[in-house]
Amino acid sequence: MSKPTPISGFPEWTPAQRMIEQHVLERIRDTFERYGFAPLETRAVEPLDQLLRKGETSKEVYLLRRLQADPDGPAGDDALGLHFDLTVPFARYVLENAGKLQFPFRRYQIQKVWRGERPQEGRYREFLQADIDIVDRDTLAPHHEAEMPLVIGDALRSLPIPPVRIQVNNRKICEGFYRGVGISDPEAALRAVDKLDKIGPARVADLLTATAGATEAQAKAVLALAEISAPDASFADAVNALGVSHPLLDEGLAELVQVMQTAAEHAPGLCVADLRIARGLDYYTGTVYETQLIGYERLGSICSGGRYDNLASAGAVAFPGVGISIGVTRLLGLLFGAGALTISRPVPTCVVVAVTSEAQRAVSNRVAEALRARGICTEVAPSAAKFGKQIRYAERRGIPYVWFPGTDEGADEVKDIRTGAQVSARAEVWQPPAADLRPVVS
RNA sequence: GUGGCUGUAGCUCAGUUGGCAGAGCACCGGGUUGUGGUCCCGGUUGUCGUGGGUUCAAUUCCCAUCAGUCACCCCA
């Protein structure tokens with residue numbers, strides 16, 4: 001039996017990293033609930049036709065198959081696949097349960113998702129997303145699109161991570177503009193523009209003429225739009241100055257102005273209107289978001305989403321929505337890789353109770369019980385080794401306190417092994433400083 | 001999924017033009033007979049990613065595979 005090896009794209013963290021992850025998830029969850037989003041979990045699998053409803057992600061969907069399944073059997077639309085995001089399952093859930101839900105429906109969902117892509121730093125095949133969405137029946141007020149970045153801004157600012165910049169665009173602006181200048185294939189144009197940062201304007205212009213059927217003048221106009229970026233609503237003037245008009249363009253401009261104005265009031269500096277942002281899944285129809293970790297821009301967006309009008313519809317009833325999702329695994333992977341996220345100790349334990357002798361272990365157990373009853377994470381030393389060894393057991397794990405049960409008449413004593421200070425104490429009342437109670441993430 | 005680069009101890013890395021595998025840090029034991037960290041002495045780190053092939057002999061050369069990473073694709 002050879003040594004097991006990792007599976008590409010399926011990260012497994014250390015306990016210290018998992019504690020950091022749990023801390024991060026707790027803060028994110030707290031923020032989501034503070035904005036009134038209700039928790040939801042959906043199953044890991046969806047029927048394939050649900051997953052593929054929206055286009056060309058088929059190759060990255062993992063299929064679920066029984067070992068004993070008939071290999072020649074139909075693997076059609078009713079086959080099951082692991083979900084590759086949380087928005088599509090959510091849309092399905094809304095349709096399925098519309099009768100029980102109150103609209104507008106606000107929910108958050110923090111779950112694993114799976115994508116069969118080639119892994120590299122910050123890109124995994126199994127990863128955790130923390131997603132919020134708001135859906136309404138028939139129509140969804142545009143102000144919800146302005147709320148998304150505020151929630152995310154609060155959530156991410158509650159974490160010990162570098163500041164973020166949320167880049168916002170609106171697909172109606174791009175599409176309306178492209179139509180306004182007469183581009184035949186707006187989607188190809190979007191894809192080309194999206195590469196602006198990577199390959200530069202000259203090659204994007206080439207791409208535009210090659211794949212989107214643009215003339216030189218059209219490519220120039222498209223690039224001029226893509227290069228517009230502003231920390232406030234002034235982007236609209238810049239767009240208007242280009243002299244293109246189209247109803248869809250005006251609609252998009254009005255919506256993005258509202259997002260930017262709201263952001264400017266509640267979270268100055270958080271959002272940037274960036275008209276080159278095109279990304280996200282292809283079901284987005286309005287506002288789109290992408291998020292850069294400042295200092296880690298090269299490694300991609302750690303949080304993105306947008307408005308979708310057609311994802312959930314059943315017959316005549318439509319449920320337009322808007323959502324955004326934090327790529328928790330990517331965020332953590334990047335920061336772990338950079339050594340930028342640490343925790344003060346790799347175990348929750350605050351106190352190790354020393355064991356004087358195996359015959360006296362019950363005494364130590366009683367001390368531990370008294371401490372735990374008051375919320376102090378406590379373990380009893382694994383063996384009645386020499387006290388030096390027991391102290392070292394704590395030291396190796398970063399556990400700050402070792403408790404020595406008193407012998408005979410002598411009182412119990414607790415030692416802060418960082419300072420060496422040792423004082424007599426009673427398990428019923430002793431309290432560590434608040435900063436030592438739990439591991440601190442920074 | 002396509003292509004490039006990389007893979008030696010827990011970590012950071014040496015090394016062999018093919019000849020029984022090394023250093024520092026970390027870890028373990030002792031000095032220190034029940035209070036760690038400093039210091040001194042000693043010890044173990046290992047299927048040289050894995051599996052084949054060539055060879056008297058492979059960690060070294062060849063092939064495949066796995067993993068990591070980069071680019072493409074796409075995206076959190």
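To find a chain, count down the sequence lines: A is the first, B the second, and so on, and within it residues start at 1.
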Which of B:A76, B:C74, B:G36 is nearest the side chain of A:R123? It is B:C74

Worksheet item: Between A:E175 (side chain) and A:P186 (backbone), is there a donor-acceptor pair under 3.5 Å?
Response: no

Per nearest nucleotide of RNA chain B, the residue lying toward the 5' end, A:T5 or A:Q422, is A:Q422

Say you pick atom P in B:C48 and the same atom in B:G31; how far apart are they, in whole Å? 37 Å

- Task: Give one of base, sugar-phosphate or nothing for A:F404, where a contact means two heavy atoms less than 4.0 Å apart.
- Result: base

message = Is it true that A:T14 and A:Q17 share a donor-acceptor pair across their side chains at a distance under 3.5 Å?
response = yes

Distance, P atom - from B:A26 to B:C41, rounded to whole angstrom: 15 Å

Within the 3.5 Å criterion, strictly below it, is a donor on A:Y284 or A:N169 matched to an acceptor on the partner's side chain?
no

What class does the angle between the rings of A:W430 and A:W403 fall in, given that below 30° is parallel, 30 to 60° is tilted and above 60° is perpendicular?
perpendicular

Checklist line | Side-chain donor/acceptor of A:T209 to backbone N/O of A:D206, under 3.5 Å | finding: yes

Symbol by symbol from the 5' end, with Watson-Crick or G-U pairs under 3.5 Å, [ ] crossing and | another strand, RNA chain B is (((((((..((((.....[..)))).(((((.......))))).....(((((..]....))))))))))))....

A:K415 atom NZ is separated from B:G36 atom P, nearest whole Å, by 8 Å

Using only side-chain N and O atoms of A:K389, determine if any of them is under 4.0 Å from OP1 or OP2 of B:U35.
no

Inset, instruction - Establish whether the base of B:C73 is bridged to the side chain of A:R118 by a donor-acceptor pair shorter than 3.5 Å. - result: no

- Message: With a 4.0 Å limit, can you tell me whether A:S8 has a side-chain N or O closer than that to the phosphate oxygens OP1/OP2 of B:C66?
- Response: no

Geometric class of the A:Y108/A:F32 ring pair [parallel <30°, tilted 30-60°, perpendicular >60°]
tilted

Within the structure, does a side-chain N or O atom of A:K198 lie under 4.0 Å from either OP1 or OP2 of B:C72? yes

side-chain N/O A:K195 vs B:C73 OP1/OP2, d < 4.0 Å
yes

To the nearest angstrom, the CD-P distance between A:E117 and B:A71 comes to 14 Å

Checklist entry - Just checking, any donor-acceptor pair under 3.5 angstrom between side chains of A:E413 and A:Q422? => result yes

Counting only side-chain nitrogens and oxygens, does A:Q120 get under 4.0 Å of the OP1 or OP2 atom of B:C70? yes

Quiz item: Do A:R106's NZ or CZ and the ring of A:F37 fall within the cation-pi criteria of under 6.0 Å and 45°?
Solution: yes

Handout entry: OP1 or OP2 of B:C28 under 4.0 Å from side-chain N/O of A:R396
Key = yes

Problem set entry | Under 4.0 angstrom between A:S304 side-chain N/O and B:A76 OP1 or OP2 | yes

From CD of A:E121 across to P of B:U69 the rounded distance in Å is 6 Å

- Task: Looking at every strand, decide which applies to A:R392 at a 4.0 Å heavy-atom threshold: base, sugar-phosphate, or nothing.
- Result: sugar-phosphate

- Query: Which is true for A:G420 with a 4.0 Å heavy-atom rule: it touches a base, it touches only sugar-phosphate, or it touches nothing?
  - Reply: base

(message) With rounding to the closest Å, how many angstrom separate the C1' atoms on B:G51 and B:U12?
(response) 29 Å

Among B:A76, B:G36, B:C74, the one nearest any side-chain atom of A:F127 is B:A76

Item checked: Any A:R125 side-chain N or O less than 4.0 Å from OP1/OP2 of B:C74 -> no

### Query
Using the C1' atom in both, what is the distance from B:U69 to B:G49, to the nearest Å?
15 Å

>> On the side chain of A:R115, is there an atom forming a donor-acceptor pair with the base of B:A76 - under 3.5 Å, no angle test?
In response: yes

Does the side-chain ring of A:Y124 sit on the six-membered ring of the B:A76 base, less than 5.5 Å centre to centre and under 30° in tilt?
no

Picking from B:U35, B:A76, B:G29, the nucleotide nearest the side-chain atoms of A:Q129 would be B:A76

- Message: For the C1' atoms, the ones on B:U55 and on B:U44, what distance do you get once it is rounded to whole angstrom?
- Response: 33 Å

Exercise for the section: Scan A:I417 against the nucleic acid and name what it touches under 4.0 Å (heavy atoms): base, sugar-phosphate only, or nothing. Expected result: base

